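These numbers come from the heavy atoms of this one structure, side chains and all, not from hydrogens, waters or symmetry mates. As the structure is a computational prediction, the values presented were derived from the model and not from experiment.
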Amino acid sequence: MYKQETIKPYDDKGEKGQQVEQMFDKIAHSYDLLNHRLSWNIDKIWRKKAIKQLEPYHPASILDVATGTGDFAILAAERLRPERLVGSDISEGMMQIGKEKVKAKGLDSVVSFCKEDCMQLSFGSDTFDAVTAAFGIRNFPDLDRGLSEMCRVLKKGGHLSVVELTTPKHFPMKQLFAIYSHTVLPLVGRIISKDSSAYSYLTSTIEAFPQGETMVEVLKKAGFAEAGFKRLTFGICTMYFATK
């Protein structure tokens, strides 16, 4: 069991997946605003880099796991021009906002949403040309199982592109990020989202999540033949790329 799998948003009562669903439903109204403000809009650049990794492969079908409010799905649809893109998430509240954004951009003929348990995806094996995830896999209640499911629904030779928040390794960014993530992030998150626990929880999962070389080994264990990573913005974010 990985350390972040034992961390829950609220208390020790109840299954982690249910608590994560409850948390994201509760903060859905403020999620986009907080993401962009707390990252100084750098999160948009990180998503673009993750999508750029897929450009040479021209995936016709894409699954975006933990799609949230659909930012990654929308950007992928605009830049990669797939025939079909499915955004899956455990939170109906988050996806409802995503549906509205997709409709406003006229992408509803390509992008669809469905509620899915990342531990047991309903899609058949070898379904998608690419699978993506942005800032969501550290919330998996079982990382090995969730990644194995992402690998299962990916076609042979298909590609995985993931971006995840991580902790910087070197001075002074390591120390600055620690201060920011333990003070500014929870405070602003609490004020805007009205949830006293959500952004403290998110900080805890960032620190506990497997990173860098360790995460590459986790991906290979899940069934991916090749995997690699690249740290972005002094290590605040890490981009992972894998092939089935």
Side-chain angles (χ1 to χ4, degrees), residues 2-4 7 20 24 27 30-55 62 64-76 78-80 87 89 94 118 130-140 143 146-147 150 159-186 188-189 193 198-219 222 224 227-242:
Y2 303 102
K3 188 176 179 181
Q4 97 286 345
I7 301 171
V20 169
F24 280 114
I27 68 173
S30 59
Y31 184 78
D32 285 342
L33 174 65
L34 278 165
N35 257 7
H36 303 327
R37 283 193 178 178
L38 289 170
S39 71
W40 301 288
N41 281 319
I42 300 174
D43 64 306
K44 297 177 181 179
I45 297 173
W46 296 334
R47 289 187 182 91
K48 288 177 182 177
K49 286 182 178 293
I51 288 169
K52 191 174 181 62
Q53 291 187 113
L54 295 173
E55 286 180 355
I62 302 172
D64 185 38
V65 175
T67 195
T69 60
D71 275 0
F72 198 102
I74 290 169
L75 194 60
E78 291 175 334
R79 290 181 168 249
L80 299 174
D89 203 282
M94 297 280 277
C118 55
V131 177
T132 61
F135 317 118
I137 62 172
R138 72 180 186 281
N139 296 310
F140 284 3
L143 181 60
L147 291 174
M150 293 167 77
H159 302 281
L160 174 77
S161 186
V162 170
V163 282
E164 191 55 81
L165 294 171
T166 47
T167 53
K169 298 294 184 183
H170 304 293
F171 176 87
M173 190 55 67
K174 179 179 179 180
Q175 288 73 18
L176 291 172
F177 182 76
I179 295 169
Y180 179 78
S181 63
H182 284 276
T183 56
V184 178
L185 194 153
V188 175
S193 72
Y199 283 83
S200 295
Y201 157 78
L202 293 173
T203 296
S204 298
T205 59
I206 293 169
E207 294 176 341
F209 191 70
Q211 299 179 17
E213 293 85 353
T214 303
M215 184 60 185
V216 166
E217 293 307 311
V218 174
L219 287 166
F224 293 97
F229 73 98
K230 181 179 180 180
R231 291 190 173 94
L232 307 173
T233 318
F234 307 106
I236 294 173
C237 177
T238 301
M239 181 168 60
Y240 298 94
F241 190 69

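The shortest distance between side-chain heavy atoms of Ile7 and Tyr2 does not fall below 4.5 Å. Residues Phe209 and Leu165 form no side-chain contact, since every pair of their non-hydrogen atoms from C-beta on lies 4.5 Å or further apart. Between Leu202 and Phe135 the shortest side-chain heavy-atom distance does not fall below 4.5 Å. In this structure the side chain of Lys169 reaches within 4.5 angstrom of the side chain of Arg231, judged on heavy atoms. Side-chain contact between Phe72 and Thr67: absent, with no pair of heavy atoms (C-beta onward) separated by less than 4.5 Å. The closest side-chain heavy-atom distance from Ile137 to Met215 is below 4.5 Å. In this structure the side chain of Val218 reaches within 4.5 angstrom of the side chain of Leu147, judged on heavy atoms.
Residues meeting the salt bridge (charged side-chain N to carboxylate O under 4.0 Å, His left out) test with Asp89, sequence neighbours left out: none. Residues satisfying the side chain to side chain donor-acceptor pair (under 3.5 Å) criterion with Ser30, sequence neighbours excluded, are absent altogether.
Between the NZ atom of Lys44 and the NE2 atom of His36 there is a distance of 4.5 Å, given to the nearest 0.5 Å. One distance of note links OG1 of Thr203 with CD of Glu207; it measures 6.5 Å at 0.5 Å rounding. With rounding to the nearest 0.5 angstrom, the CG atom of Leu232 is 6.0 Å from the NZ atom of Lys49. With rounding to the nearest 0.5 Å, the separation of CZ in Phe229 from CG in Leu219 is 11.0 Å. Rounded to the nearest 0.5 Å, atoms CG (Leu80) and NZ (Lys52) are 10.5 Å apart. Taking CD of Gln175 as the reference point, atom CD1 of Ile179 lies at 8.0 Å (rounded to 0.5 Å).
Between Leu75 and Lys48, the closest heavy-atom pair is CD2-CG, 3.6 Å. Here the shortest heavy-atom pairing between Tyr199 and Pro186 reads CB-CA, 4.0 Å. Between Leu185 and Ser181, the closest heavy-atom pair is CB-O, 3.8 Å.
In this structure, Ser161 contributes its side chain and Ala50 its backbone to a donor-acceptor pair below 3.5 Å. In this structure a side-chain-to-backbone donor-acceptor pair under 3.5 Å is missing from Thr205 to Gln4. Between the side chain of Thr214 and the backbone N or O of Pro210 there is no donor-acceptor pair closer than 3.5 Å. Looking only at distances, a side-chain donor or acceptor of Gln211 sits under 3.5 Å from a matching main-chain atom of Thr167.
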Quiz item: Would Ile45 and Trp40 satisfy side chain to side chain contact (heavy atoms under 4.5 Å, CB included), going step by step from the backbone distance to the final call?
Solution: CA-CA 10 Å; Ile45 297 173; Trp40 301 288; over 6 Å; no
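Exactly one residue among Val216, Leu160, Leu54, Val162 makes a side-chain contact (heavy atoms from CB on, under 4.5 Å) with Phe241. That residue is Leu54.
Within 6.0 Å of the NZ atom in Lys174, the count of heavy atoms belonging to other residues, nucleotides or ligands does not exceed 12.
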Show me the donor-acceptor pairs, under 3.5 Å and distance only, between side chains in residues 233-240 and residues at least two apart or in other chains.
unit_1, atom_1, unit_2, atom_2, d
Thr233, OG1, Trp46, NE1, 2.8
Thr238, OG1, Thr166, OG1, 2.9
Tyr240, OH, Gly212, N, 2.9

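Using modelled atom types and a 3.5 Å distance limit, the side chains of Asp71 and Tyr31 yield no donor-acceptor pair.
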